[in-house]
Amino acid sequence: MFRFPLLLDGARRHILLLGAHSDDIEIGCGATLLALTRAQPELDVTWVVLGAEGVRENEARASGDAFLESAGRSEVVVHGFRDGFFPYVGGEIKEVFEELKARVDPDIIFTHTRHDLHQDHRLVCELTWNTWRDHLILEYEIPKYDGDSPTPNVFVSVPEPIAREKADLIVGLFESQAAKHWFDAELFLGLMRLRGMESHSPSGYAEAFTCRKLALWIG
Ligand SMILES: [Zn+2]
């Protein structure tokens, strides 16, 4: 398989991460982020969580700091929109995107996937595409009871220690989610192992994304 470097040069690059809830970014692209920030210390990262209140806000901020420890410059923004109600306050969330658009011009955007069955996730994806129209957008996946796993077409191979670090960080940082029947390191590692198999990852582990538009450039 021909493999493109995720970032091609040493220029200072900006990554925008968008997540509906406090653990989405970590589950969707946490290992990619850990690997990327360590390989490219000059990376600027803007991390935005739309819906986290109380203990979940504290967890979101602690997790953002942990995952972004190696970033060159980072900003963690946490809003308090109510879980499950995003489509019903879409105008207010759209305002958040408009504010971001005015001050952030990212090279790569990580966001939810279009056909995610969680309505909050879907709205974040929709507003991402409405807001940034000349950017590389990679849609990450969130495994869930509903069984809406996408068929991804972009894979990022990650070393096994980073895959395990991601899983351990998530389980360790989000104590409020511990009672959920699916919230364990085995699930997070299992999904990365599956995507690693599908992409023939040298380590056996990968995170996977959906890319709807990719512009190639010659010379
Ligand atoms: Zn979520």
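Owing to the predicted nature of the structure, the values given are computational and were not obtained by experimental measurement. Start at 1 and go down the list; that is how both ligands and their atoms are numbered.
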**Q** If the condition is side chain to side chain contact (heavy atoms under 4.5 Å, CB included), which residues does L214 pass it with, not counting sequence neighbours?
**A** L136, C211, L216
**Q** So do R114 and E126 actually touch side chain to side chain, heavy atoms under 4.5 Å?
**A** no
**Q** One pair to check against ring-ring contact (aromatic ring centres under 6.0 Å, His included): F4 and F2. What are the steps and the verdict?
**A** CA-CA 7 Å; F4 289 92; F2 188 76; 5.0 Å; yes
**Q** Ignoring water, what protein N, O or S atoms are under 2.8 Å from the Zn ion (ligand 1)?
**A** H21 ND1, D24 OD1, D24 OD2, H121 NE2
**Q** Could you note down all residue pairs passing salt bridge (charged side-chain N to carboxylate O under 4.0 Å, His left out) where residues 168-189 supplies at least one of them, sequence neighbours left out?
**A** none
**Q** Going by the angle between their ring planes, with limits at 30° and 60°, are F174 and F183 parallel, tilted or perpendicular?
**A** perpendicular
**Q** In chain order, what residues pass the side chain to side chain contact (heavy atoms under 4.5 Å, CB included) check against S70, with sequence neighbours excluded?
**A** T37, R38
